[in-house]
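Proteins come first, then strands; the chains are lettered A, B, ... in the order of their sequence lines, and each starts at number 1.
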Amino acid sequence: MEFQERVLKEVVKIPRGKALTYKKLALKLNSSPRAVAKALASNPWPIKIPCHRVVMSNGKVGGYKLGKKMKIKLLRKEGVRIKMERLLNFNNNSKFKKVR
DNA sequence: CCCATGACTAATT
DNA sequence: AAATTAGCCATGG
């Protein structure tokens, strides 16, 4: 199974209004955050796959194929609160970052 | 096969 | 607190 496919399979599991970091994805896939990011950057279906729910480990939103503006807009639309490109309530150790 | 390139991170300055 | 630096690993040339 291709690496990118493994990444996307995980990404689709992220619930609405929540976010996962590149790092956590990488750990789960025994890879590196950079490799994960690269896989998402070449995401063939930026609409179908919710890759906007993958953020940086420091709480900043990180990049997006269609631009940060769009990424933030999508997250906000799902109820995620963001200030200065940074997610709020980014302080828990649960599997997914709970926001809202 | 070798090398450069990132939607990144952690440690250091 | 912001900027640099050194690792990271899948991918494409």
Side-chain angles (χ1 to χ4, degrees):
Chain A
M1 188 177 194
E2 268 179 57
F3 179 69
Q4 176 176 259
E5 189 181 349
R6 297 203 296 131
V7 174
L8 300 186
K9 281 246 198 282
E10 289 300 326
V11 171
V12 296
K13 294 184 190 167
I14 308 175
R16 224 187 107 86
K18 308 263 183 79
L20 194 52
T21 66
Y22 294 96
K23 181 178 178 183
K24 285 192 174 180
L25 266 181
L27 290 174
K28 170 164 280 204
L29 299 173
N30 298 310
S31 182
S32 77
R34 302 210 71 179
V36 169
K38 189 173 223 308
L40 294 182
S42 54
N43 175 3
W45 311 281
I47 311 296
K48 194 180 175 78
I49 309 286
C51 49
H52 58 279
R53 297 183 187 144
V54 184
V55 303
M56 301 207 296
S57 63
N58 63 7
K60 294 252 195 124
V61 295
Y64 190 57
K65 186 79 169 304
L66 313 175
K68 263 185 206 184
K69 303 288 277 287
M70 183 56 72
K71 185 167 185 175
I72 291 173
K73 183 187 287 186
L74 289 171
L75 285 169
R76 288 232 168 94
K77 178 169 286 192
E78 299 182 349
V80 176
R81 301 188 15 259
I82 300 171
K83 184 174 186 186
M84 304 316 292
E85 299 196 350
R86 182 178 300 271
L87 307 222
L88 305 180
N89 310 343
F90 197 77
N91 50 329
N92 62 86
N93 49 354
S94 68
K95 182 171 175 190
F96 296 108
K97 304 291 186 192
K98 42 183 186 227
V99 191
R100 194 176 280 279

What nucleotide among [options] has an atom nearest to a side-chain atom of [X]?
{"X": "A/Lys38", "options": "B/dT9, B/dT5, B/dC8", "answer": "B/dT5"}
{"X": "A/Ala35", "options": "B/dA7, C/dC9, B/dT9", "answer": "C/dC9"}
{"X": "A/Ser57", "options": "B/dA7, B/dT9, C/dC8", "answer": "B/dT9"}
{"X": "A/Tyr64", "options": "B/dG6, B/dA7, C/dT11", "answer": "B/dA7"}

Euclidean distance, atom [atom1] of residue [X] to atom [atom2] of [N] [Å, nearest integer]:
{"X": "A/Leu40", "N": "B/dA7", "atom1": "CG", "atom2": "P", "answer": "11 Å"}
{"X": "A/Leu27", "N": "B/dC8", "atom1": "CG", "atom2": "C1'", "answer": "12 Å"}
{"X": "A/Glu5", "N": "C/dT11", "atom1": "CD", "atom2": "P", "answer": "12 Å"}
{"X": "A/Lys60", "N": "C/dA1", "atom1": "NZ", "atom2": "C1'", "answer": "11 Å"}
{"X": "A/Asn58", "N": "C/dA3", "atom1": "CG", "atom2": "P", "answer": "14 Å"}
{"X": "A/Arg86", "N": "C/dA2", "atom1": "CZ", "atom2": "C1'", "answer": "12 Å"}
{"X": "A/Asn30", "N": "C/dC9", "atom1": "CG", "atom2": "C1'", "answer": "12 Å"}
{"X": "A/Lys68", "N": "B/dG6", "atom1": "NZ", "atom2": "P", "answer": "15 Å"}

Verify the cluster assignment for A/Leu25 and A/Val12: are they in a single hydrophobic cluster under the rule of side-chain heavy atoms below 4.5 Å apart?
yes

Touch class at under 4.0 angstrom, heavy-atom based, for A/Tyr22 against every strand present:
base

Considering just the side-chain nitrogens and oxygens of A/Ser31, establish if one lies under 4.0 Å of OP1 or OP2 belonging to C/dC9.
no

A/Val61 and A/Tyr22 have their tightest heavy-atom pair at O-OH, 4.5 Å

DNA chain B: 5'-proximal contact among A/Ser32 and A/Thr21 (nearest heavy atom):
A/Ser32

Report, as yes or no, whether the 6.0 Å neighbourhood of atom CD on A/Glu5 holds more than 12 heavy atoms from other residues, nucleotides or ligands.
yes

